[in-house]
Amino acid sequence: MVRLLAKLVIKNSEDISAPEVRQAYGMLCGIVGVCLNILLFVGKFLAGTLSRSVSITADAFNNLSDAASSVVMLIGFKMAGAEPDPGHPFGHGRIEYISGLIVSGAILIMAFELVKSSVEKIINPEEVEYSTLALVILVISIAVKLYMCFYNRSIGKKVDSAAMRATATDSLSDSIATCVVLIAAIIGKLTDLQIDGYCGVLVGIFIFIAGITAARDTLNPLLGQPPEPEFVGKIKSLVMAHPEVLGIHDMIVHDYGPGRQMVSLHAEVPAEGDILKLHDAIDNIEHELKRELRCDAVIHMDPVVTMDEHVQALKEKTVSLVHAIDSKIGIHDFRVVAGPTHVNLIFDVLVPFKYPMSDQQLEKAIQEKVREGLGETYFCVINVDKGYVGS
């Protein structure tokens with residue numbers, strides 16, 4: 001249904017890289033979510049009232065909170081699509097992450113209230129009278145929630161939306177929770193066992209776990225998670241496709257919301273090349289990144305010596321010595337400064353976060369390895385970098 005509506009109401013619906021198309025998908029899913037959750041609330045509230053079931057009534061109000069969450073997502077997508085202004089020069093894209101966090105908070109509050117009311121029901125049990133209508137409504141609710149999970153997850157993946165993925169997680173947990181309520185209803189109808197309160201606690205735990213998962217997925221981009229490896233790979237492929245670039249390092253991807261990335265990186269270029277031609281090539285790469293990947297890019301040129309065979313030989317030897325310590329360690333910005341009594345090898349090393357050796361231990365290990373391999377007159381001047389795009 002949602003995909004059909006998208007084709008009918010969203011212009012160029014397949015061009016998901018366009019910000020306006022992405023925003024339209026988010027708003028459409030929000031509107032559909034509001035409508036479906038309100039219908040589920042009305043049906044479950046009726047069933048819970050008729051059967052005097054705390055778990056069904058609580059599940060109904062959970063759907064009402066889901067409708068409010070869909071409104072939050074709808075508003076979040078609308079505000080996130082606002083144009084940059086003097087106070088927010090990078091746009092308002094992170095509002096989408098905040099809306100997802102609000103949805104997660106609503107899920108956690110609902111879980112707490114459900115567990116609280118269910119414990120009260122355990123302490124003060126009341127007879128529950130389940131009707132066939134209540135059971136039918138629960139079955140329909142499970143099917144609707146599974147559908148909502150499917151379309152939110154599918155479109156959330158398509159447009160890369162943490163808020164929609166959080167909503168999908170919420171819908172899945174709701175379907176599981178309603179299954180538990182349904183099982184309790186069936187057992188209560190067929191036997192004298194009154195497990196309504198216990199099932200309500202179990203439902204609350206399911207919802208709480210879903211809220212924690214959704215909160216994590218929306219907090220990580222706000223705190224600054226590494227970019228997706230696929231996105232990093234596209235950047236590297238595009239930049240390295242230009243013959244003027246010999247290598248890249250120190251890449252940082254700043255995330256200001258889905259589809260609003262700023263990239264900075266260092267590109268190694270031949271020191272012997274024409275500076276004007278190299279600068280022109282770097283400009284072209286920046287424009288290409290903007291055009292192809294919709295990200296603003298700032299590229300710093302690092303000149304590296306390519307015509308000096310002695311420097312190249314020292315670099316290759318140093319790389320092999322460092323890789324003997326750990327093949328995960330990368331080297332860049334290699335320079336050689338020779339003096340009358342010793343030679344300084346100046347370079348940066350790139351190591352993953354949480355590397356088992358401290359920076360000081362790593363520097364000492366490399367220094368010893370280089371002296372063993374090249375001689376006592378060689379000294380290393382090392383700067384240790386961490387990989388901001390994952391490793």
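Worth knowing before you read on, the calculation uses all heavy atoms, side chains too, and leaves out hydrogens, waters and symmetry mates.
Ring orientation note: the planes of His249 and His332 are close to parallel, at an angle under 30° on the 30°/60° scale.
In this structure, Lys145 and Leu40 have side chains that are in contact, with non-hydrogen atoms separated by less than 4.5 Å. Side chains of Val305 and Glu272 form a contact here, defined as non-hydrogen atoms less than 4.5 Å apart. Taking 4.5 Å as the limit, some side-chain heavy atom of His92 sits within range of a side-chain heavy atom of Asp85. The shortest side-chain heavy-atom distance between Asp348 and Leu350 does not fall under the 4.5 Å cut-off. Phe347 places a side-chain heavy atom less than 4.5 Å from the side chain of Ile366. The closest side-chain heavy-atom distance from Asp250 to Asp302 is not below 4.5 Å. Contact of the Ile235 side chain with the Met251 side chain is registered, since non-hydrogen atoms from C-beta on lie closer than 4.5 Å. Taking 4.5 Å as the limit, some side-chain heavy atom of Val32 sits within range of a side-chain heavy atom of Tyr151.
No chain of hydrophobic side-chain contacts below 4.5 Å, direct or via other Ile, Leu, Val, Met, Phe, Trp or Tyr residues, connects Leu345 to Val304. In the hydrophobic clustering of ILVMFWY residues, with side-chain heavy atoms under 4.5 Å counting as a link, Ile331 and Val343 come out together. Hydrophobic cluster membership differs between Val201 and Phe112, with clusters built from Ile, Leu, Val, Met, Phe, Trp and Tyr side chains linked at under 4.5 angstrom. Ile248 and Leu246 are members of different hydrophobic clusters when ILVMFWY side chains are connected at heavy-atom separations under 4.5 Å. Using a 4.5 Å cut-off between side-chain heavy atoms of Ile, Leu, Val, Met, Phe, Trp and Tyr, with links allowed through other members, Val381 and Val311 fall into different hydrophobic clusters.
Other residues, nucleotides and ligands place no more than 12 heavy atoms under 6.0 Å from the CD atom of Glu228. Crowding of Tyr198 atom OH: a count of heavy atoms from other residues, nucleotides or ligands under 6.0 Å not exceeding 12. Counting heavy-atom neighbours within 6.0 Å of Lys386 NZ, excluding the residue itself, gives a total above 12. Within 6.0 Å of the NE2 atom in His279, the count of heavy atoms belonging to other residues, nucleotides or ligands does not exceed 12. When the shell of 6.0 Å around CZ of Arg371 is examined, it contains more than 12 heavy atoms from other residues, nucleotides or ligands.
Of all heavy-atom pairs spanning Met262 and Tyr256, the tightest one is CB-CE1, 4.2 Å. Gly26 and Met164 get closest at one heavy-atom pair: CA-SD, 4.2 Å. In terms of heavy atoms, Leu172 sits closest to Cys149 at CB-SG, 3.7 Å. Listed here is the closest heavy atom pair of Leu278 and Pro270: CD1-O, 3.6 Å. In terms of heavy-atom proximity, Cys380 sits nearest to Val370 at SG-CG2, 3.6 Å. Between Val269 and Met301 the shortest heavy-atom distance is CG2-CB, 4.2 Å.
Of the inter-residue distances, the one linking Phe231 atom CZ with Gln261 atom CD reads 4.5 Å to the nearest 0.5 angstrom. Rounding to the nearest 0.5 Å places CD of Glu309 at 10.5 Å from CD of Glu316. For the atom pair CG (Leu314) and CZ (Phe334), the distance works out to 5.5 Å, reported to the nearest 0.5 Å. Between atom CD1 of residue Ile325 and atom OG of residue Ser320 there is a gap of 10.5 Å, rounded to the nearest 0.5 Å. Interatomic distance, Ile299 CD1 to Glu286 CD, rounded to the nearest 0.5 Å: 5.0 Å. The CD atom of Glu372 sits 10.5 Å away from the CG atom of Leu374 when rounded to the nearest 0.5 Å.
Side chain to side chain, Asn284 and His242 fail the donor-acceptor criterion of an N or O pair below 3.5 Å.
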Let me see the working for Leu362 and Asp326 under side chain to side chain contact (heavy atoms under 4.5 Å, CB included), right down to the final yes or no.
CA-CA 10 Å; Leu362 180 59; Asp326 192 336; over 6 Å; no
Between Val351 and Met357, does a side chain to side chain contact (heavy atoms under 4.5 Å, CB included) hold up when you go through it step by step?
CA-CA 10 Å; Val351 297; Met357 299 172 67; over 6 Å; no
Please report the C-alpha distance between Lys44 and Ile137 in whole Å, then the side-chain angles of each, then the deciding distance to 0.1 Å, and finally whether the side chain to side chain contact (heavy atoms under 4.5 Å, CB included) criterion is met.
CA-CA 7 Å; Lys44 287 184 183 178; Ile137 289 174; 4.3 Å; yes
Under the side chain to side chain contact (heavy atoms under 4.5 Å, CB included) criterion, do Asn37 and Met148 qualify, and how do the steps go?
CA-CA 10 Å; Asn37 278 309; Met148 292 177 68; 3.4 Å; yes
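Here Leu108 sits in one hydrophobic cluster together with Phe208, Ile212; the rule is ILVMFWY side chains under 4.5 Å apart, joined directly or through other members.
A distance-only check finds no donor-acceptor pair linking the side chain of Asn344 to the backbone of Ile346 [under 3.5 Å]. Remark: the backbone N or O of Leu238 is not paired with any side-chain donor or acceptor of Glu288 at under 3.5 angstrom. Thr49 contributes a side-chain N or O that, together with a main-chain N or O of Phe45, makes up a donor-acceptor pair within less than 3.5 Å. Checked by atom type and distance alone, the side chain of Ser237 never pairs as donor or acceptor with a backbone atom of Lys234 at under 3.5 Å. Looking at Asp280, its side chain never comes within 3.5 Å of a backbone N or O of Leu276 through a donor-acceptor pair. Looking only at distances, a side-chain donor or acceptor of Arg94 sits under 3.5 Å from a matching main-chain atom of Asp255.
Not counting sequence neighbours, Gln312 has no partner by the side chain to side chain donor-acceptor pair (under 3.5 Å) test.
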